[in-house]
2 protein chains.
Amino acid sequence: MKYLLQSLKIVVPDGLSIKDPESSDLGKKIVGESISLIHELGFESFTFKKLGERIGSNESSIYRYFENKHMLLLYLASWYWGWTEYKLVFFTNHISEPKEKLVKALEVLSGEIFQDKNFSHINEVSLHNIMIKEYSKSYLTKEVDSENKEGYFTVYKRLVIRLKEMIEELNPSYPFSLSLASTVVEGVFHQQFLKDHFPTITDCDKKLSATTFFKSLVFNCLNVTE
Amino acid sequence: MKYLLQSLKIVVPDGLSIKDPESSDLGKKIVGESISLIHELGFESFTFKKLGERIGSNESSIYRYFENKHMLLLYLASWYWGWTEYKLVFFTNHISEPKEKLVKALEVLSGEIFQDKNFSHINEVSLHNIMIKEYSKSYLTKEVDSENKEGYFTVYKRLVIRLKEMIEELNPSYPFSLSLASTVVEGVFHQQFLKDHFPTITDCDKKLSATTFFKSLVFNCLNVTE
DNA sequence: ACAAATATAATAGTATTACTATCATATTAG
DNA sequence: CTAATATGATAGTAATACTATTATATTTGT
């Protein structure tokens with residue numbers, strides 16, 4: 001994306017970080033480098049100690065920003081969904097025709113990811129890659145209900161609901177708009193994962209994109225010709 | 001399910017366990033009680049030490065059956081998919097009409113789970129519950145490609161392919177049968193999770209089942225009236 | 001410019017985890 | 001009835017996931 005908006009900040013729910021990482025250089029380095037280190041090691045092997053070594057800083061300093069690595073993952077995920085929501089609104093807001101709007105929405109959600117110059121400390125391409133592999137670990141926990149009450153998943157849920165509204169606008173009589181929306185948002189990650197690791201159980205590859213599949217899926221469900 | 005088949009054994013890929021847990025009482029206790037303990041504590045907090053205490057046995061004895069808890073999870077998952085595949089074949093094999101066959105398949109995959117008396121040491125209802133929360137953790141790892149090469153996910157992939165074949169039979173010209181099948185298998189777990197934890201982003205609840213949603217989804221995609 | 005507040009770094013310490021190794025004892029099989 | 005095998009008990013290790021304390025920078029307000 002072009003550098004259009006000078007001072008833009010993705011707002012994440014309160015409580016995910018002890019101290020706002022965007023308020024300091026160290027904070028930005030923690031967030032920026034955690035993405036590349038989680039990508040390298042996988043979330044299980046990623047530790048604050050290793051991150052400290054990587055950024056030439058101390059483990060204890062990182063603990064002043066995030067309670068633990070789970071909270072950091074929740075933060076990264078909320079940032080990602082906030083960023084995706086912003087793209088969704090940015091690229092669909094001007095479109096009034098419901099079908100065209102939904103097409104664009106599905107393209108934003110399932111299309112290729114590009115570096116966004118508005119947020120230079122975050123590599124969105126890497127972040128997207130770790131979301132595919134790690135996002136579900138952020139909610140498949142024993143604490144999901146209490147953390148949901150704290151509002152840690154609001155951005156994600158809001159995005160699903162935005163998609164649901166676009167679905168509803170196109171076909172108000174379709175009775176499963178919420179489930180379709182949540183299936184698409186989650187299914188996009190899943191198909192992208194399968195493409196890279198279990199290619200024998202997906203049709204998505206270089207030729208046939210996830211976008212094509214999900215457009216077809218959604219419009220079939222809504223009885224709208226593509 | 002009724003106790004129909006006396007000596008039935010779900011076959012899981014070789015290498016998941018060091019020693020076949022079905023070959024001894026201790027092994028069966030490890031598998032049976034691990035399901036209830038993972039359900040209680042969540043996979044992250046579950047340890048072999050705690051399992052040992054629970055079954056009145058020693059940590060070191062459990063290590064003689066499974067290399068670590070990840071391998072145990074892979075074992076449980078393969079068992080679950082093997083059992084699901086067996087139900088799928090059992091309940092659809094006699095049906096020759098493609099649409100009726102696919103309806104039954106979707107009902108088996110997304111319908112309520114009942115205790116299966118053929119396998120008394122395993123509580124399938126609990127196992128299904130831990131699969132919803134923990135299954136994706138078994139493949140969202142750094143080691144997924146090497147473990148896939150070892151064949152640890154064959155049962156899962158085979159089930160998806162079976163569903164794909166039923167989809168194909170009903171509409172051979174549908175170009176995304178594999179992706180649709182994998183989306184359904186994964187989406188079923190996801191919708192069931194949302195129902196319990198994020199009810200605001202799913203339509204599935206007591207009144208409206210996941211089965212209804214996925215039947216509608218699949219038949220819409222295949223242009224078949226329900 | 002300087003004191004006070006704040007941020008970061010360095011070090012140490014703890015309970016738990018995820019094992020491995022060894023040896024003892026119980027059970028089963030030939 | 002001996003030998004093999006399965007299980008149990010205990011100990012030990014490196015790493016993890018922190019907490020606490022103290023020291024040293026850096027920033028801020030006056």
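These numbers come from a predicted model, not from an experiment. By convention in this document, chain letters (A, B, ...) are assigned in the order of the sequence lines, proteins followed by strands, and residues within each chain are numbered from 1.
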- [ ] May I ask you to say what A:Phe66 touches in the nucleic acid, namely base, sugar-phosphate or nothing, with a heavy-atom cut-off under 4.0 Å?
- [x] nothing

Open item on the list: With a 4.0 Å cut-off on N to O distance, would you call A:Lys215 and A:Glu107 a salt bridge?
Closed with: yes

TODO: Starting from P on C:dA7, measure out to OH on A:Tyr65 and report it in whole angstrom.
DONE: 7 Å

TODO: Provide, to the nearest angstrom, the distance between the CG atom belonging to B:Asn68 and the C1' atom belonging to D:dA14.
DONE: 16 Å

Open item on the list: Taking the six-membered ring for Trp, are B:Tyr135 and B:Tyr156 closer than 6.0 Å centroid to centroid?
Closed with: yes

- [ ] Please name the residue in the list B:Asp116, B:Leu88, B:Leu127, B:Leu8 that meets the side-chain contact (heavy atoms from CB on, under 4.5 Å) test with B:Trp83.
- [x] B:Asp116

- [ ] Would you kindly give the CD1-to-P distance between A:Ile18 and D:dC18, to the nearest whole Å?
- [x] 10 Å

TODO: Establish, from distance only, whether the side-chain atoms of B:Ser36 and B:Arg54 form a donor-acceptor pair under 3.5 Å.
DONE: yes

Open item on the list: Tell me whether the rings of B:Phe119 and B:Trp79 are parallel (<30°), tilted (30 to 60°) or perpendicular (>60°).
Closed with: perpendicular

Open item on the list: Tell me the interatomic distance from B:Lys29, atom NZ, to D:dA6, atom P, rounded to whole angstroms.
Closed with: 17 Å

TODO: To the nearest Å, give me how far apart CD1 (A:Ile55) and P (C:dA7) are.
DONE: 16 Å

- [ ] May I have the distance from A:Asn58 (atom CG) to D:dT21 (atom P), rounded to whole angstrom?
- [x] 17 Å

- [ ] Output yes when B:Glu85 and B:Arg158 qualify as a salt bridge under the 4.0 Å nitrogen-oxygen rule, no when they do not.
- [x] yes

Open item on the list: Return a single string for nucleotides 20-30 of chain C, one symbol per nucleotide in 5' to 3' order, where B is base contact, S is sugar-phosphate-only contact and - is none, cutoff 4.0 angstrom on heavy atoms.
Closed with: BB---------

Open item on the list: Under a 3.5 Å threshold, yes or no: a donor from one side chain and an acceptor from the other, between B:His121 and B:Glu22?
Closed with: yes

Task: Geometric class of the A:Phe193/B:Tyr139 ring pair [parallel <30°, tilted 30-60°, perpendicular >60°] - done: tilted

Task: N/O (side chain, B:Ser57) to phosphate O (OP1/OP2, D:dG8) under 4.0 Å - done: yes

Task: Cationic N near anionic O, under 4.0 Å, B:Lys9 to B:Asp20 - done: yes

Open item on the list: In whole Å, I'd like the distance from the CG atom of A:Leu72 to the P atom of D:dT16.
Closed with: 16 Å

TODO: Output the residues of residues 34-53 of chain A in contact with DNA chain C, where contact means a heavy atom of the residue under 4.0 Å from an atom of the strand; sort by number or write none.
DONE: none

- [ ] Would you kindly give the CG-to-P distance between B:Asp25 and D:dT5, to the nearest whole Å?
- [x] 20 Å

